Amino acid sequence: MASRSADFDDDSSGRVKRVKIEQNGTSDMDPKKNPYLAHQYNDVSKYASNASGDPLANFKRHATTAKQAKIAEDGPKNAFTGTNLSPRYFSILKKRRELPVYEQRQEFLDLYHKSNVLVFVGETGSGKTTQIPQFVCYDDLPQKKGKMVACTQPRRVAAMSVATRVAQEMDVVLGDEVGYSIRFEDMTSDKTFLKYMTDGMLLREAMNDPDLTKYSTIILDEAHERTLATDVLMALLKDVVLRRADLKLVIMSATLDSKKFQSYFHGAPLLAVPGRTHPVEIFYTPAPEDDYLSAALRTTLSIHDSQPEGDILVFLTGEDEIERAAAKIRAEVQEADMGPLDVYPLYGGLTPQQQQKIFNPPPKADVNGRPGRKCIISTNIAETSLTIDGIVYVVDTGFSKQKVFNPRVRYESLLVTPISQASAQQRAGRAGRTQPGKCFRLYTETSFKDDLIPQTYPEILLSNIAATVLELKKLGVEDLVHFDLMDPPAPETLMRALEELYYLKCLNIDGDLTEMGKLASEYPLDPAMAVMLISSSEFYCSNEILSICSLLSVPNIFVRPNHAKQKADEMKAFFAHDLGDHLTLLNVYHAFKSDEAQEDPKQWCHEHFLNYRALTQADNIRMQLKRIMERQEIELVSTPHTSPKYYDNIRQALVAGFFMQVAMKQSNNRPYLTVREEQKVVIHPGSTLKHEAEWVLYNEFTLTSANYIRTTTAVKPEWLIELAPEYYDIEDENFPDGDIKKALRRARNGVHRSEKGRK
DNA sequence: CTCATCTTC
């Protein structure tokens, strides 16, 4: 199987060498603030602690040394709280000082003093996420200025767990001096001066405080992941540091792409610290595999059969594929009597408890001395979000599902796509966390070099940016074309976003934010959804639309396990509404909130094949959205359930937001066509929409095995014309000439006739 | 004939 191997450590793209590149940063060269003056204080006792007992009393902000910090950290009193340090603190401190970053603390401080912006490259295991913010706190002294140090993370769990760890390291109570802030959970207080938070959270804060005046230093961690929020924050902060001389910015990244960050920030100083990992041997297949799934199964079984002790991690693309592969491997191992192997599927759809199982110890060796091991079959959740110790073998199929966005057709969808070289490297690295490992790549070395793109595309290039554009407008960014993003989206993507916001009346014809736009920007929702919610009181159904919005903001609430598809479908039919899925969702929510279900909601969900976690999450989101509506004084009203207009009102409110996501059935059993783009689409087979509705509104357009529209509800063409006259203006020369135009003309004439009829 | 992974005062 293995044709040739390469030493991972010698791989030219393998790891960061310890390099320090000094650049002509926009540094503060005021001699009075010269950081090197700090070195003149050679008498250690002078600043060990003063009469008042404050170990930080002699610390000069932005002019401290690693040595000073070390003395303060050595105690015996906590430099920030004044209490005696615990034994646990000292045992952790010892370990902290063995981390690679610790050696370069002075180097870090020198650059941090010199420049307002600093790029820090730390590989896995360097300790950057926990240590750098502490290094900053001892020098920036945010507590003395009533400011905070922020450190952003792309994921909630990371913000939470890192804050917990750092609170321990600093011997403080989590939520006091060190805290975190993520959606639905603010674990900070007025004492907090070091705050871990999600990047999205900081972006939200920027909308109310564009200069982020609460912070004296902002650290953007995992910047190489290039999340939408981090990209936007980088662009904003690049400008903020020019306006606020007192603000410092640290960009932390884990890849070799650091040069790109450095040049983006006008040659900011860069510091690189090596990680602490074990070498991983890479094997490629000699010839391309035409079926990566069977190749993955074959390779996994062969590792188990022939390789020394050590757990296996296999990367596949999706839930269904993973469950099937897991079943096959279990069956094969049993049939061929291959020795103990525990197989664990791993993907985001699993509950945290199910995900925890991957940390179970591997089975013991059997009586014949064959090693026992565990095998984890995972999506790319194991690439960044979850780390598993003890993995020695990685099987890399070279594929993952990735989001793609087509601005012309305006759909986001998921496609099985070859991964990037950076991704492949990350996957391989998972084999070397605790000991030297092996990575089996199920593609050729030529393919790795020639076919894989070097870096995964940043999220901003693969997304509908309408929500981002609205946020930026709210932030006061006037000229979006020249907004200095690291990777600006295609002009067409921007145009489509602006156009979408114009039709939604969030922007006027000049591209300025309207009253509607201001209101919509306050919701953590896509613009169409926000507009629908804001408009819903006019249709006397804001309570119901609020529920629907919440349900559309969480993963699929319907569970359909492979072994009980029929039973699950029967249960779903119990809630089904003939007019469409939005109304079905509402039925489920009402049933979920009923007294009967609330007696034991978990059990109730299990019996009805519903995702309890998603429903409680929706409930949470509902409360959050409700608070914003109340603040905006949007009335929470309902049409009486007995009224014949109950469902019509809801459906009209749906149209008020989603009029751009409508498809029409063509005659003669031909597929549906989307209104303006005239894309052929099929209603997703899971839909509860019963009769052949001529016009349907949909929430999502995804391309999987076909062009599916998901979560669809029947609507009437008269409503489209009435509620979105500009979008449905068939006199507009850009409106495609076809069946849809004809049908709209018929409907329009019908409206006119009925109006005459009413008179 | 059925969706990767995150995320938002």
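Quantities reported herein were computed from a predicted structural model and do not represent experimental measurements. Labels below follow one simple rule: chain letters A, B, ... track the order of the sequence lines, proteins then strands, and each chain is numbered from 1.
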key: Under 3.5 Å side-chain donor-acceptor pair for A:Thr227 and A:Glu225   = no
A:Leu525 atom CG is separated from B:dC9 atom C1', nearest whole Å, by 12 Å
Practice item. Look at all strands and tell whether A:Leu415 reaches a base, only sugar-phosphate, or nothing, counting heavy atoms closer than 4.0 Å. Key: nothing
Ranking B:dC9, B:dA4, B:dC6 by distance to the side chain of A:Thr379, first place goes to B:dA4
Checklist entry - So, is A:Arg204 near the phosphate of B:dT7, with a side-chain N or O under 4.0 Å from OP1 or OP2? => result no
Between CD of A:Gln566 and P of B:dT2 the distance, given in whole Å, is 16 Å
Report task. Would you indicate what A:Gln402 reaches in the nucleic acid, counting non-hydrogen atoms under 4.0 angstrom: base, sugar-phosphate, or nothing? Result -> nothing
(message) Can you see if the side chain of A:Ser400 gets near the phosphate of B:dT5 - specifically, an N or O under 4.0 Å from OP1 or OP2?
(response) no
To the nearest angstrom, the OH-P distance between A:Tyr457 and B:dT5 comes to 22 Å
Of A:Thr702 and A:Val157, the one whose closest nucleotide on DNA chain B sits nearer the 5' end is A:Thr702
Testing B:dT8, B:dT2, B:dC6 for proximity to the side chain of A:His684, the answer is B:dT2
Closest to the side chain of A:Ile381, out of B:dA4, B:dC6, B:dC9, is B:dC6
Whole-Å distance, A:Arg627 CZ to B:dT8 P, equals 14 Å
Name the orientation class of the two ring planes belonging to A:Phe575 and A:His608 (parallel below 30°, tilted from 30 to 60°, perpendicular beyond 60°). tilted
* Asked: Without hydrogens or angle criteria, can the side chains of A:Asp396 and A:Tyr443 be said to hold a donor-acceptor pair below 3.5 Å?
  -> yes
- Query: So what does A:Glu319 hit on the nucleic acid, given a heavy-atom distance under 4.0 Å: a base, only sugar-phosphate, or nothing?
  - Reply: sugar-phosphate
ring-ring contact (aromatic ring centres under 6.0 Å, His included) filter on A:His577, not counting sequence neighbours, yields A:Tyr647
For a quick check of understanding: with a heavy-atom distance under 4.0 Å over all strands, which category does A:Tyr347 fall into, base, sugar-phosphate or nothing?
sugar-phosphate
Rounded to whole Å, the CD1-P distance (A:Ile621 to B:dC9) equals 11 Å
Residues at least two apart in sequence or cross-chain that pass side-chain contact (heavy atoms from CB on, under 4.5 Å) with A:Ser547, listed by chain then number, are A:Leu586, A:Tyr589, A:Arg622
Rounded to whole Å, the CG-P distance (A:Asn620 to B:dT7) equals 14 Å
From CD1 of A:Ile709 across to P of B:dC1 the rounded distance in Å is 17 Å
Picking from B:dA4, B:dT8, B:dC6, the nucleotide nearest the side-chain atoms of A:Arg183 would be B:dT8
_Heavy atoms only, 4.0 Å cut-off, all strands: where does A:Tyr523 land among base, sugar-phosphate and nothing?_
nothing
Of the listed B:dC6, B:dC9, B:dC1, the closest approach to the A:Glu459 side chain comes from B:dC6
Is any N or O donor-acceptor pair between the side chain of A:Arg560 and the base of B:dT2 shorter than 3.5 Å?
-> yes
> For A:Phe359, does the CZ atom sit with more than 12 other heavy atoms under 6.0 Å from it, leaving out its own atoms?
Replying inline: yes
A:Met207 CE to B:dC9 P, in whole Å, measures 9 Å
Residue pair A:Lys401/A:Met201 against DNA chain B: nearer the 5' end by closest nucleotide is A:Lys401
Among B:dC6, B:dT2, B:dT8, the one nearest any side-chain atom of A:Asp569 is B:dT2
